[in-house]
Number of protein chains: 2
Amino acid sequence: MGYLYFVKFEEAEEKFIQGWGQLGASWGINRTMSQINALLLISTQPLSTDDIMAKLNISRGNANMNVRELISWGVVRKSFKPGDRKEYFYSVKDMWEIARLVSKERKRRELEPLLTMLQEVRDVEGSSEQVKEFKRVTRDVEKVAKKADSMLDLIGKLDGNRFFKWLMKK
Amino acid sequence: MGYLYFVKFEEAEEKFIQGWGQLGASWGINRTMSQINALLLISTQPLSTDDIMAKLNISRGNANMNVRELISWGVVRKSFKPGDRKEYFYSVKDMWEIARLVSKERKRRELEPLLTMLQEVRDVEGSSEQVKEFKRVTRDVEKVAKKADSMLDLIGKLDGNRFFKWLMKK
DNA sequence: TATAACTTTCAATACTTTTTGAAAGTTTAA
DNA sequence: TTAAACTTTCAAAAAGTATTGAAAGTTATA
């Protein structure tokens, strides 16, 4: 038992993993995937599938699938131990790098389909008020989407400190 | 029938509504809620619950619930027609204003709980490598979260054109 | 090659979220 | 008041998503 003021590691760990999972879930990312990410973030060494299964109480299939998804996002990587056939996994630890990887992936998955859709819808025929309004709105959406797109590109290029320093100077 | 190059309004409308719904869904926003938003965005006049039900082929309960949610986000408002007891709904049309309202809501729902959790986890006891790593990571997360928080505040204060002009100058 | 150690797949199941629609609630106007 | 016009609620059903676990697949080494 520690002093009242302090928090036990196991509790803190649990809270962090759950909280990160919840955050992911509310952004449309599989909760287990976020939890694995959290677990690997705070782990001092790479973990095996069995470690992850044990710690998060999940099945092999689930662990495998979500680790693979994290790898495809570039957020998690494999490592090997000499004389051991198991795969071990570790997370990119630089938060800014993670933010970049995630925004890159989401840009690809969401922004690009949106822009494609807006393209397809540009040349609607007619000159009624309805059609005029439709064109006005979709062009506006396109404008904002393209700006968001450039912003994400910028984030992708600059490193974190520079970006925020530059962003926050008045 | 129009020329091949052009797109029929009804098709374009449908595509826009579906696409906007899809985008919302992948950001953890109820698909129907996004679709109603899309419908009201491109509508030249306020629509009643029955209009929305008919256009999107959804039940009264569903329409009511999601319109109310949009109102609570500040994205949709009520209007009334003289001599008509029905409520009519219209959307904020300024995309930048919508982006602000949405980011404000999500900040409240997600960023704030995250920061609270990180607070709760700050004072973990111990000096093992494990604990050190945990502190390092959670402080990093806090740093990025707070920067995101300031950025959202900034977005909330500036208007769209100014923000992007300022963001994009070099 | 055979086998043990591991990873991947995927149909079935469990869980979560959304939607429905009928009943209850509210408001307006005659 | 009362009745019609409307809105809201909410339990049950449907739809969508995530998870399981056993079987199939792969790889290393004896």
Side-chain angles (χ1 to χ4, degrees), chain A residues 17-18 20-40 46-73 76-90 106 109-110, chain B residues 17-40 46-73 76-90 105-106 109-110:
Chain A
I17 291 172
Q18 295 309 320
W20 199 249
Q22 177 49 50
L23 185 71
S26 62
W27 284 83
I29 291 166
N30 181 302
R31 172 177 268 103
T32 301
M33 178 171 155
S34 302
Q35 288 179 343
I36 294 175
N37 179 229
L39 178 62
L40 294 177
L47 301 181
S48 69
T49 300
D50 289 273
D51 296 333
I52 294 168
M53 288 167 63
K55 198 80 185 190
L56 301 181
N57 249 286
I58 59 174
S59 71
R60 190 170 299 285
N62 196 8
N64 182 271
M65 174 181 164
N66 283 294
V67 164
R68 235 124 293 280
E69 187 69 3
L70 282 163
I71 290 173
S72 87
W73 285 52
V76 162
R77 299 182 187 151
K78 289 184 191 185
S79 77
F80 299 91
K81 293 188 183 181
D84 188 341
R85 287 177 50 189
K86 273 205 193 79
E87 296 180 325
Y88 290 81
F89 307 99
Y90 64 97
R106 302 206 70 150
R109 291 187 189 204
E110 289 139 31
Chain B
I17 291 172
Q18 295 309 321
W20 199 248
Q22 178 49 49
L23 184 71
S26 62
W27 285 82
I29 292 166
N30 180 302
R31 171 178 269 104
T32 300
M33 179 173 154
S34 303
Q35 288 178 344
I36 293 175
N37 179 229
L39 177 61
L40 293 177
L47 301 182
S48 70
T49 300
D50 290 273
D51 296 333
I52 294 167
M53 288 167 63
K55 198 80 187 187
L56 300 182
N57 248 288
I58 59 175
S59 71
R60 189 170 298 284
N62 196 8
N64 183 272
M65 173 181 166
N66 284 295
V67 165
R68 236 124 291 282
E69 188 68 5
L70 282 163
I71 289 174
S72 87
W73 286 52
V76 163
R77 300 181 187 150
K78 288 184 193 184
S79 77
F80 299 92
K81 294 189 182 179
D84 187 341
R85 288 176 50 188
K86 274 207 193 80
E87 296 181 325
Y88 290 80
F89 307 100
Y90 65 96
E105 189 67 18
R106 304 207 68 152
R109 292 187 187 202
E110 288 140 31

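Each chain gets a letter, A, B and so on, in the order its sequence line appears, and its residues count up from 1. Everything quoted here is computed from the prediction, not taken from an experiment.
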* Asked: Taking for each residue the nucleotide of DNA chain C with the nearest heavy atom, is it B:Arg60 or A:Asn62 whose nucleotide lies nearer the 5' end?
  -> A:Asn62
* Structure fact -> Result for 5'-nearest mapping on DNA chain C, choosing between A:Gly61 and B:Ile58, is A:Gly61
* Contact residues, residues 78-90 of chain B to DNA chain C [heavy atom, < 4.0 Å] -> B:Arg85
* NA contact type, A:Arg68, heavy-atom cut-off 4.0 Å: base, sugar-phosphate, or nothing? -> sugar-phosphate
* Kindly say if B:Asn66 contacts the phosphate of C:dT18, meaning a side-chain N or O under 4.0 Å from OP1 or OP2. => no
* Between C:dT18 and B:Thr32, is there an OP1 or OP2 to side-chain N/O distance shorter than 4.0 Å? -> no
* **Nucleotide range of DNA chain D lying under 4.0 Å from chain A heavy atoms** => D:dA18 to D:dA28
* Asked: What closest approach, in Å, do B:Trp20 and B:Ser34 show between heavy atoms, and which atom pair accounts for it?
  -> CD1-O, 3.1 Å
* To do: Please report, rounded to the nearest Å, how far the C1' atom of C:dT18 is from the CG atom of B:Asn57.
  => 16 Å
* Atom pair distance, as rounded to whole Å: CZ in B:Arg31 and P in C:dT19 -> 9 Å
* **Stepwise side-chain contact (heavy atoms from CB on, under 4.5 Å) test for B:Leu70 and B:Asn66** => CA-CA 6 Å; B:Leu70 282 163; B:Asn66 284 295; 5.5 Å; no
* Starting at the 5' end of DNA chain D and moving along, which residue's nearest nucleotide shows up first, A:Gly28 or B:Asn64? -> B:Asn64
* Compute both the distance and the angle, then confirm whether B:Lys81 meets the cation-pi test with B:Tyr88: under 6.0 Å from the six-membered ring centre, within 45 degrees of the axis. => yes
* To do: Ignoring hydrogens and angles, tell me if any N or O in the side chain of B:Arg106 forms a donor-acceptor pair with the backbone of A:Ser26 under 3.5 Å.
  => yes
* Asked: Under the 3.5 angstrom rule, does the side chain of A:Asp51 hit a backbone N or O of A:Ser48 as a donor-acceptor pair?
  -> yes
* Step-by-step side-chain contact (heavy atoms from CB on, under 4.5 Å) determination, A:Thr49 to A:Val67 -> CA-CA 8 Å; A:Thr49 300; A:Val67 164; 5.6 Å; no
* With side-chain contact (heavy atoms from CB on, under 4.5 Å) as the test, would you mind laying out the steps for A:Ile52 and A:Phe89 before giving the verdict? => CA-CA 9 Å; A:Ile52 294 168; A:Phe89 307 99; 4.3 Å; yes
* To do: Go through the side-chain N and O atoms of A:Gln22 and B:Glu110 and say whether any donor and acceptor fall under 3.5 Å apart.
  => no
* Asked: If you draw a 6.0 Å radius around CE in B:Met33, do more than 12 non-hydrogen atoms from other residues or ligands fall strictly inside?
  -> yes
